[in-house]
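These notes concern the structure reproduced below.
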Protein chains: 2
Amino acid sequence: MSENEKLTEERIFEAAEIVFEEEGLTGARMQTIADRAGINKALLHYYFRTKDHLFEAVFTKLAQKMFMKFTPIFEKDLSLEEKIKFFFREHITFMQHNPKLPGFILNEINHNPQRIQKLIKNIEFRNLWLTILDQHKDELYKYNITEETLPQIMTTIASLSVFPFAAKGILEVIFENLGVDFDKYIELRKEFAADFVIKAITK
Amino acid sequence: MSENEKLTEERIFEAAEIVFEEEGLTGARMQTIADRAGINKALLHYYFRTKDHLFEAVFTKLAQKMFMKFTPIFEKDLSLEEKIKFFFREHITFMQHNPKLPGFILNEINHNPQRIQKLIKNIEFRNLWLTILDQHKDELYKYNITEETLPQIMTTIASLSVFPFAAKGILEVIFENLGVDFDKYIELRKEFAADFVIKAITK
DNA sequence: CCTATTTTTGACCATTCGGTTAAACTTTAT
DNA sequence: ATAAAGTTTAACCGAATGGTCAAAAATAGG
């Protein structure tokens, strides 16, 4: 039954997403995934031949979820400031629902950079780059942003939204010491980060 | 011979640092560490009883190297702006020599937050916190920084310096696409990040 | 030089882990 | 109803892995 098959494959995939995200490629166990999906371990290998196949599938989906979803924001027809505000709001909200995703992706790429190579080429950062340079020519000039500082600003924007989640484990411990609530901090960050960047780039 | 013993234990430890930093706790193999140290695997267990013992020792040392070394900067007798400039210069230079350290630490803490708990309590972030609040009372007022936004600013500073290294794997691939050189980008970042922060917090 | 102690090794062990196989069970089509 | 095809399982396999052990080699002390 194709309905049932879809269900089983989907159950496996969802279980794999959770386990890989939590334990990483090397830490994850096929048995754990099978248990979580409520099936026999052999069935894992029936649907996804090897651990690497399964991981590849999961990783590709999660990475696309992370990258593909948010690069289009910068291609919209908005002012630079509006894009920045929009990005932080959407991106941080997304990570509130997927808090372990950033750490997982960063870690796996660091451990195996060539795996992502094709995937990232697909995302066409070059186009995004050119779009920004073209679409905001006058704004960039107004903000005194050169082609040399643009990478700095782009990575800065990424930093501000991703880092709190990539460092969630530490921050929660430190914050506890200071009486700061992580969730409130994150909620506040959506606006703070946008204002911070805009303030910094405004002459 | 205590001289020789020191040498062997040190060789093991250094090998372990490299392997753990590169492969993570779950990815690292005792055999790999033994090979790298040029000794028998049994000798590993003679000096450090279990993999967890060895990892604990390595992790504690590396984490202290990362945290302990730079929190004192904020206790020095400098203006806030000077501290910010000083921090970025020192911290980024340190990570240029230990580029894999940030990713390693973030990842291991996320995978096992309670391991770091005691370690982080030792660093006394609370003191650092109070020192800043006290020492820069007038400057904070001048910059319009409240007790609510201070966590945002502190984590922002950490973000800007740590993230490029935690995300090194991705950035190198993206940069290659754009004709940007990672090392030059990092060198530039020392000043850029400091200026960026100062610009953002200045009224 | 001889003995006691410490360091180092090779061989080995138990368990875990990714993966396979053959058979049972289900579904589909005729 | 029945055969063919697809799905699921229990049992099993070989390699890898963390860890142990007893004996050998090196070192230190008298």
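In what follows, chains carry the letters A, B, and so on, assigned in the order in which the sequence lines appear, proteins first and then strands, with residues in each chain numbered from 1. Only heavy atoms go into these numbers, but all of them, side chains included; no hydrogens, no water, no symmetry mates. Just so you know, these numbers come straight off a predicted model, no measurement behind them.
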From [atom1] of [X] over to [atom2] of [N], roughly how many Å is that when rounded to an integer?
{"X": "A/Tyr47", "N": "D/dT7", "atom1": "OH", "atom2": "C1'", "value": "6 Å"}
{"X": "B/His45", "N": "C/dC13", "atom1": "NE2", "atom2": "C1'", "value": "13 Å"}
{"X": "A/Ile39", "N": "C/dG19", "atom1": "CD1", "atom2": "P", "value": "14 Å"}
{"X": "A/Glu9", "N": "D/dG6", "atom1": "CD", "atom2": "C1'", "value": "14 Å"}
{"X": "B/Arg49", "N": "D/dC21", "atom1": "CZ", "atom2": "C1'", "value": "16 Å"}
{"X": "B/Phe48", "N": "D/dG19", "atom1": "CZ", "atom2": "C1'", "value": "16 Å"}
{"X": "B/Leu44", "N": "C/dG10", "atom1": "CG", "atom2": "P", "value": "14 Å"}
{"X": "B/Tyr46", "N": "C/dT7", "atom1": "OH", "atom2": "P", "value": "4 Å"}

Exceeds 12 heavy-atom contacts within 6.0 angstrom, atom NZ of A/Lys85:
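Atom NZ in A/Lys85 is not crowded, with 12 or fewer foreign heavy atoms closer than 6.0 Å.
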With sequence neighbours excluded, tell me which residues meet side-chain hydrogen bond (donor to acceptor under 3.5 Å, both in side chains) with [X].
{"X": "A/Lys100", "answer": "A/Glu22"}
{"X": "A/Ser79", "answer": "none"}
{"X": "A/Glu139", "answer": "A/His136"}
{"X": "B/Asn127", "answer": "none"}

Nucleotide N/O to protein N/O under 3.5 Å, stretch nucleotides 21-24 of chain C:
none

Kindly point out which of [options] is positioned nearest to the side chain of [X]?
{"X": "B/Asn40", "options": "C/dG19, C/dT9, C/dT8", "result": "C/dT9"}
{"X": "B/Thr50", "options": "D/dG19, D/dT8, C/dT6", "result": "D/dG19"}
{"X": "B/Leu43", "options": "C/dG19, D/dT7, C/dT9", "result": "C/dT9"}

Among B/Glu75, B/Lys83, B/Met154, find the one that has a side chain to side chain contact (heavy atoms under 4.5 Å, CB included) with B/Ile132.
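Output: one option passes, namely B/Met154.
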For D/dT7, does OP1 or OP2 lie under 4.0 Å from any side-chain N or O of A/Thr8?
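For D/dT7, OP1/OP2 do not have a side-chain N/O of A/Thr8 under 4.0 Å.
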Can you tell me if B/Thr60 uses its side chain to pair, donor with acceptor, with the backbone of B/Glu56 under 3.5 Å?
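Yes, B/Thr60 side chain to B/Glu56 backbone: donor-acceptor pair under 3.5 Å.
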Is there a residue in residues 21-31 of chain B whose heavy atoms reach under 4.0 Å of DNA chain C, and which residues are they?
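Heavy-atom contacts with DNA chain C come from no residue of residues 21-31 of chain B; none.
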To the nearest 0.5 angstrom, please state how far the CZ atom of A/Phe74 sits from the CG atom of A/Leu128.
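Spacing of CZ (A/Phe74) from CG (A/Leu128) equals 7.0 Å.
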For the side chain of A/Lys51 and the base of C/dG19, is some donor closer than 3.5 Å to an acceptor across the two?
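Side chain to base: no pair present.
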Is there a side-chain contact (heavy atoms from CB on, under 4.5 Å) between A/Leu160 and B/Phe163 once you walk through the steps?
CA-CA 9 Å; A/Leu160 295 191; B/Phe163 180 82; over 6 Å; no
